[in-house]
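A short write-up of the structure that comes next.
Just so it is clear: chains get the letters A, B, ... in the order the sequence lines come, proteins before strands, and each one is counted from 1.
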Amino acid sequence: MKLIRLRYKKWYNISRDGLTTNNPIAIAVLGICSALAVTNRVDNAIAMGLAVVFVVTMSSLTVSLIRNFIPSRVRMVTYMVIISSFVIMVQLFLEAFFPLIAAALGAFLGLIITNCIVMGRAEAFAVKNPLRYTFFDGIANGLGYTYVLVIVAVVRELLAFGTILDVRIMPDTWTNWVAMALAPGGFFVLGLLIWALRELTNNFETVSE
Amino acid sequence: MNKTKQMLVFVLAMGLITSFLLVGVSLLTRERILANQQAALQSAILQANDIAFTAGEVNEIFNDRIEVIELEEEGSDTPLVFFRHPASGNISFQFEGGGVWGPIIGVITLEDDFKTIVEITILEQEETPGLGGIITERAYLNNYVGAHLSESITISHDSVPGDPNYVDAITGGTRTSERFETILRTAYQRRADVWRTFAEEE
């Protein structure tokens, strides 16, 4: 195995960028609106994460495919139309074939349209790069979003309801922290997580004097 | 000029392609989605009446055990639909109205006095996930069991324990609770007289 050579491969670097170095939530702080809203339950976070992986990958691929035809003046509108189309298709597909999952996700699904990560990857990466790299970029960013969501959701669900994936973890004497189920709880956990991640990876923005 | 033309052609082409795609997907899934919605309504009613069923035979068991009663509403062409379980006398109907972000649609089942709530199930809602969205959860909806549906049913943060006219509001979902109160009151007002007249004639 030439594992050491991995870090010279472009697809490896692109994936690492999305997952850690430039993690969309922890480092770029994009898409935190939905991250705050859906992370009070782990199952919601997982479902939302998977839907975002699909939409960000598919829309990035489409943008990359037609990148040479998109007139630059209407490129934002183009991304919007492409993203919305994929989101609506996912929504209809789930409603038709997996009505239970669709019901559980409810409003989350439609909210993917407003997720800045999807638009951000289209503008920052897909419109300038060929299909194969865009594919890795989309998957990596989607998964980068998903795992941060799941970590935050585990902490919040545990403190707010004493459960993880609806399985009771805390003893029955546990007092639920209602604040954790509300948006401010999301801010606390996400803020602490970003701080911890940046401290651990020594990733600071230098302030010019 | 050339650039503008190019842009127009692109926008038109994109609009056409995405529209066709969406219309296509919508047509392909429409029948299944409608069937799923009907199955959801039917299973909610069966569940409220404690009738055992499996996913495959919802429609069959529903037709066998539940009586569908359509009553005319004054000033409206579409009839009001009631679902009665003849064995217990329970009456169910579908209600709908505006929530905070979108429509809330659900089924309510009442005892034969057309007042005491047996069960409420939410079929469709777009409330704030985790806050107003709690309205779909059985643990919350259980607060309604035994309460009295009327023009003055009150969903409030300071509900009176034991008083059937009060139900607890959702913490962090105050506006959803307010809308839901209006929806339930309106649903009752629209149907109470129609149903009572029918029940008396019977």
If I measure from the heavy atoms of chain B, does A:I66 come under 4.5 Å with its side chain, its backbone, both, or neither?
side chain

From A:E95 CD over to B:E124 CD, what is the distance, rounded to the nearest 0.5 angstrom?
7.0 Å

Atom CD of B:E60 with >12 non-hydrogen neighbours under 6.0 angstrom
no

So for atom OH, which belongs to A:Y147, do other residues, nucleotides or ligands contribute more than 12 heavy atoms lying within a distance under 6.0 Å?
yes

Contacting region of A:S84 [heavy-atom separation from chain B under 4.5 Å]
neither

Distance in Å, B:T18 OG1 paired with A:I82 CD1, rounded so as to fall on 0.5 Å steps:
8.5 Å

So, taking the atom named CZ in A:F93 and the one named CD1 in B:I33, what distance separates them when rounded to the nearest 0.5 Å?
11.0 Å

Looking at B:E72, I want to see if its CD is surrounded by more than 12 non-hydrogen atoms of other residues, nucleotides or ligands under 6.0 Å.
no

At what distance, to the nearest 0.5 angstrom, does CG of B:L28 lie from CG of A:L92?
10.0 Å

Which atoms form the tightest heavy-atom contact between A:F69 and B:F10, and what is the distance?
O-CD1, 3.5 Å

Step through the shown structure and confirm whether more than 12 heavy atoms of other residues, nucleotides or ligands are within 6.0 Å of CZ on B:F198.
yes

Decide if atom CZ of B:R196 counts as having more than 12 heavy atoms of other residues, nucleotides or ligands within a radius under 6.0 Å.
yes

Counting only heavy atoms from other residues, nucleotides and ligands, does the tally under 6.0 Å from OH of B:Y166 exceed 12?
no

Tell me which of these, A:V178, A:I88, A:T39, A:V81, has more heavy-atom pairs under 4.5 Å with chain B than the rest.
A:V81

Please report the closest heavy-atom contact between B:N36 and A:A96, naming both atoms and the distance.
ND2-O, 2.9 Å

Should the heavy atoms of other residues, nucleotides or ligands under 6.0 Å from CH2 of A:W174 be counted, would the total exceed 12?
yes

Is any side-chain heavy atom of B:M14 less than 4.5 Å from a side-chain heavy atom of A:T78?
yes

